[in-house]
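Quick note: residue numbers are just sequence positions, from 1.
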Amino acid sequence: MTFYDDIYPFYPLQRTPFIFNTSLLTVILVFLVLTVGFLLIVPGIRGKSRILWTFRILISLFIGAVIVALNFTSDWAEASLRANTTYKSFSNVMVNAKVGLHVGLYGINITLRGDPVVQFNETIDYNEMFVWTSSIDEEYENALNKGLPNPILYIAEKFTLKSPCGLIYQYRYSGRYASATLWTAFCCWLLANILFSMPVILYAGCMMATTAAFIFFSLASFSTIYNLPQCTFTIGTESFETNFSASFWLALATGLLCALIGIVVIILDGLLPEKMREVFSIGMDSDDDDVYSEKGYLNAGFLEGVSLDGVIVKGTSKEPQQISTLTKF
């Protein structure tokens, strides 16, 4: 047993693990602020429309938040195992740890957590992020220089350009197209909300159905990672392969919700158009609302010989006359 417990200090810099995706945190905070802002004006809405309006806004914000957040999550596909494996290079030290691989649209997270966390006087708790870029090989070299544990380096090496597995080509392009279709779905969601505030509910329902379609396209794009033979990860005596995880199933549920809303709105707008406009707080044209009484003062000299509702105005009076009329617009 050496002074360093057989873990050689070749790397002077202490590695700080990846904690939380700041982009995802920003998305969450933005939509939370929007939600709180809309809830503050709820008391100013009168009648039964308050409940319907609140429910509609919350559902819409939930869909928008999910669509944007899914671009930054790292659990579209996951895999994990517990193994007894070597800890670092040039060392025979074996540690008990849980190794995890979390795949997102823009990169991967590799986790390593000791069981227990503190072993050999060192805290084993890593969460490293590798982004899909043309310089991913450089990121892998930096990980080597920083002295990351062997299980993390082993998994990261599988996603380099030089790896015979070719995982980088499967996951990077699938994630890129999935992200593009998700952003298109977000644009459709924005248009649907704008149309819901106009007397064109049918088109709003169509845009919501289009939002669902692009979400399904993103799922289909990401699913292509399984079109090619999967590369098996072997750590110690254990092995694992990735499977669809929380973000994938959340995207599927959100797509089904958008499709359901779009179909229901289209059907009800055809059957009960007036009720639908009432639900979405859109006023209907009414003859009673457009007709009102108005009084005006006109010089009778300009009206001599002019017929107003069957009455011919005659006379030479210089005084202006007060005429009560019904005006319809």
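- E122 and Y87 form a side-chain donor-acceptor contact under 3.5 Å, judged by distance and modelled atom types alone.
- Looking at T211, its side chain does come within 3.5 Å of a backbone N or O of M207 through a donor-acceptor pair.
- Other residues, nucleotides and ligands contribute at most 12 non-hydrogen atoms within 6.0 Å of the OH atom of Y177.
- Side-chain N or O atoms of E78 include none that pairs as donor or acceptor with a backbone N or O of L101 at under 3.5 Å.
- With hydrogens and angles left out, the side-chain atoms of D75 and S245 include no donor and acceptor closer than 3.5 Å.
- The closest donor-acceptor contact from the side chain of T35 to the backbone of F31 lies under 3.5 Å.
- Contacts of C165 classified as disulfide bond (SG atoms under 2.5 Å apart), with partners at least two apart in sequence or in another chain: C231.
- Distance alone, capped at 3.5 Å, places no donor-acceptor pair between the S60 side chain and the R56 backbone.
- The backbone N or O of E138 lies less than 3.5 Å from a partner atom in the side chain of N142, making a donor-acceptor pair.
- Remark: the backbone N or O of N71 is not paired with any side-chain donor or acceptor of W183 at under 3.5 angstrom.
- Y171 pairs by the ring pair (Phe, Tyr, Trp, His ring centres under 6.0 Å) definition with F159, not counting sequence neighbours.
- You'll find the side chain of D115 reaches within 4.5 Å of the side chain of R82, heavy atoms only.
- Of the possible polar contacts, none joining the W132 side chain to the R176 backbone as a donor-acceptor pair under 3.5 Å is found.
- Heavy atoms of other residues, nucleotides or ligands lying less than 6.0 angstrom from NZ of K158 number more than 12.
- In this structure, the side chain of S179 does not engage the main chain of G175 through any donor-acceptor pair within 3.5 Å.
- The backbone N or O of A156 lies less than 3.5 Å from no partner atom in the side chain of T160, so there is not a single donor-acceptor pair.
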Q. Step by step, would you call S163 with I168 a side chain to side chain contact (heavy atoms under 4.5 Å, CB included)?
A. CA-CA 9 Å; S163 174; I168 180 64; over 6 Å; no
